[in-house]
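By convention in this document, chain letters (A, B, ...) are assigned in the order of the sequence lines, proteins followed by strands, and residues within each chain are numbered from 1. For clarity, every value in this text was computed on a predicted model and none was experimentally measured.
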Amino acid sequence: MNEYYQAQQVEDKWQRIWADLGCDQASDAPDDARPGYYCLVMFPYPSGNLHMGHVRNYCLGDAVARYKRMQGFNVLHPIGWDAFGLPAENAAIKHKRPPAEWTYANINQMRGQLKRLGLSYDWSREIATCHPDYYRWEQWMFTKLMEKGLAYQAEAEVNWCDPCHTVLANEQVVEGTCWRCDTPVIKKNLKQWFIRITDYAEELLADLDGLSCSDGGGWPEKVIGMQRNWIGKSKGTEVSFGLENSGETLDIFTTRPDTLMGVTYMAVAAAHPLAKKAAEGNSELTAFLDECSKISTKEADVETMEKKGMDTGFYAIHPISGGKIPVWVANFVLMGYGTGAVMSVPAHDQRDFEFAKKYGLNIKQVIAPVDGDWDIEAAAFTEAGILLNSANFDGLSSKEAKKSITEYLAENGKGSERVQYRLRDWLVSRQRYWGAPIPVIHCDDCGAVPVPENQLPVELPTDLQPTGGASPLTECESFKHADCPKCGKPAIRELDTFDTFMESSWYMNRYTSPRNQDAMVDAAAIAKWAPVDQYIGGVEHAVLHLLYARFYHKLMRDAGLFTSEQGGDEPFKNLLTQGMVLKDGSKMSKSKGNTVDPNAIIERFGADTARLFTLFAAPPEKELEWNDAAVEGAHRFLKRVWRLLEKLDGEPVDRDTEEDAAAVKALRLDIHATIKKVSHAFEHGFAFNVAIAALMELSNSLQAFEPQKEAGHAAFREGLQALAVMLIPFVPHFACEIGERLGMNNIAVLSDWPQVDETALVQDEITLVVQIQGKKRGEITLPKDAGQDDALAAAQSDVSIAKWLRDMQIVKVILVPGRLLNIVVRPQ
RNA sequence: GCCGGGAUGGCGGAACUGGUAGACGCACGGGACUUAAAAUCCCGAGAGCAUUGCGCUCGUGCGGGUUCGAUUCCCGCUCCCGGUACCA
């Protein structure tokens, strides 16, 4: 007799056994013939507590990793800590303890929680990004980028968050507010460090095509689309307008050079030099520019914002007609996109139209619809069409005109074809303490000098106490001062630290040789493991982390750390973005008070129940609604499987009947159909909810089965064993325990994934659904090799079907083998 | 506005390539066991109509279409979710 299922005991036992076996470790042994598979989950920020989002993420990853191991792969499934960042500083201020202490304590806490879940990580590869052995390579890389001119310092208008006391990258500004604290960001002109991601815009865009894959692999179209939009490539023409009484030019970018002859005014951003020049001695204009600079960038405000402008008094000279065109300042022109100036064609752009109407500016139509008329005073015509009022270009189509106008401008040195990206260089410096120091020394004579390799890492002092204002590094005399590596004179260290997205941009590659002291990564290890076969994490990183990591991977490749053949051009082959965990319809959050503590669930039901529920309740990419009752349901399922063991207790009864033989055959069909289904879920889209449902069905079949004689016992045992083995990826402790109690030769986690016995899938008899006019009217059972005539005859002799055929003429018969028979009739 | 995804019972969700709609689970109802309850097991269940039994009609957001047959394909909408934008 088996005692009842005690999760805690079972889980402790198997976690010890697995640790002793070392079965979760990826093997770098050269003689290991197994193919490699790299399964990666997004590493957590060590906030101190695991939340349900983590649990979901890591259970998904663990299911994949365990399945692949059972398939005979040598699996790399690592974990670590994204350990630098602002919350540590905020906690440090609150608790008056250095952030390092807080961070390492949290790591210890969370490591325990992950281990309690029984996740099959290779703990020997654990990394923490706040460790100098990690960030030294990031610093090294940065100095290489400086040498190549890919990292640079520049004064620019940047996003500043006051509460966070730091600048932010464009990607970290969400609807005009800080991604961390939701405070509206302020535009400031500051000297900051950038990395030239724009140099890689074209490759980052082009390689997205290779990530697109329709059969459930690759990346979700959604994420690809978001990145495409973010990079924002547009093709157009740069046009150089002259300025009256000046040698200068006013350059603009347009995607509609075909409308060039319709320009009636120019509009420049408030921050444009020309606007500033015009404002000198003009108090009214100065006040307007001031007003523009204070505009909130919040979406809601932007939408309702009135389009405003003022005449600068300057005139531009049309590059073709030579005509005078007034230059205005407009609050809707952005300094950060293109050249900060636009040509305005009110006849063919809705926004320009509204602006022209408001300020009484000319509207000149230069494009006519291909057919029909257009009242240009009523609305802008924004489609392509045929040119008019455009001198030599009259009669051309928009498409032809774009080409010939651009050619004409190029011949006259007034413009050229140009590609414009929305993407801007990555701002990587932060005015924060708890981050990797930027490895630069500022010398009065030599300027910004990279720290030489033999002086790396530039270690962050870990004993400083942040106070909430400026970074304590600015007052740390022992850190601040250094000799210039070039001339040896006393100099000052760079006091900013890196954006923490720098660390998470290359951790996937570091895991392949995490303890490497000689290089950032080992090319051989990269060749063995990279790129990541399956990456799993939250969709919130669609643009931020996933764009930076793609970029950084290419930077590493181009730094010669590995070749395309070794590490690929992309870091993540397949991406699964899991949905959020909800409670009562909204995202779990402390402020809403609707959080569910994973520890409480584990304590009450065990890790396996928590794992099973999170995988079963919804498909991975969809939102998961937390449901306490359904958690109990998951637990009940495990208890039911446990009780199946009891059915093997009795002695086999020797009773050989035909019914028994049929039941055995039916059970074996169930077993192997289930193996097929569950394997399919792993190979196509990770629909674990469906896979688990199939396993529940098998469990129900086993429960209904009465193992009567030897053959019955064997079939039952086969089924229960297959069930246990297939449960490994989802509830590994439980499955191992069942396997052991069944007397399996091998520990279940080390078993091979079960093979489908195709002969078991062959049925002697098949059930056909019979339809009349496409409506189900009955079922017939036939020998498996019966043809259409047999099927029709059987249908006609079935009472409940025959009544639909009475007085009817059969027009057509359709047989879908193994599925259905449809009879089309009409009245005689 | 644009891009992406979605709409199926009381709920979460299934349905291969056009072939039995609602698997599996939750909640619910009935029964067994029990002095009783919990636990467990068995049965039922889309809606409506009919009912002694057999049964019939409707039904996958809405309106059309293709087809022997449509949750699935095509055309036209509605609504919801996510992303993004004065992008020139």
What nucleotide, of [options], holds the atom closest to the side chain of [X]?
X	options	answer
A:Q703	B:A39, B:C42, B:U57	B:C42
A:R422	B:C42, B:G69, B:U84	B:U84
A:P619	B:U57, B:A14, B:U20	B:A14
A:K812	B:C68, B:G13, B:A88	B:C68
A:V342	B:A39, B:U20, B:A88	B:A88
A:N229	B:A85, B:G83, B:G19	B:G83
A:V333	B:G83, B:G25, B:A88	B:A88
A:V690	B:A14, B:A88, B:U40	B:A14
A:K776	B:U20, B:C87, B:C24	B:U20

For [X], what residues pass the salt bridge (Lys or Arg N to Asp or Glu O under 4.0 Å) criterion, not counting sequence neighbours?
X	value
A:R636	none
A:R228	A:D209
A:E623	none

Pairwise [atom1] distance, [M] and [N] [rounded to whole Å]:
N	M	atom1	answer
B:A50	B:C42	C1'	29 Å
B:C87	B:U78	C1'	31 Å
B:G10	B:G65	C1'	34 Å
B:U72	B:G1	P	26 Å
B:C73	B:U67	C1'	10 Å
B:G76	B:G83	C1'	26 Å
B:C24	B:G30	P	23 Å
B:A27	B:G19	P	33 Å

Kindly say if [X] contacts the phosphate of [N], meaning a side-chain N or O under 4.0 Å from OP1 or OP2.
X	N	result
A:W804	B:C56	yes
A:K622	B:G13	yes
A:R640	B:U40	no
A:R636	B:C26	yes
A:N822	B:U20	no

Subject >> Secondary-structure string, 5' to 3', Watson-Crick or G-U under 3.5 Å, | for another-strand partners, for RNA chain B >> reply: (((((((..(((......[....))).(((((.......))))).((((.....))))..(((((..]....))))))))))))....

Original post:
Quick one: the side chain of A:R819 and the base of B:C16, do they pair up donor-acceptor inside 3.5 Å?
Top reply: yes

Subject >> Those residues that, when tested against A:W804, pass ring pair (Phe, Tyr, Trp, His ring centres under 6.0 Å) (two or more places apart) >> reply: none

Original post:
Would a distance-only check, ignoring hydrogens and angles, find a side-chain to backbone donor-acceptor pair under 3.5 Å from A:T339 to A:D251?
Top reply: yes

**OP:** Enumerate the residues from residues 624-633 of chain A whose closest heavy atom to RNA chain B is under 4.0 Å, giving them by residue number; use none for an empty result.
**Re:** A:N627, A:A629, A:A630, A:G633

Subject >> Under 3.5 Å side-chain donor-acceptor pair for A:Y337 and A:Q420 >> reply: no

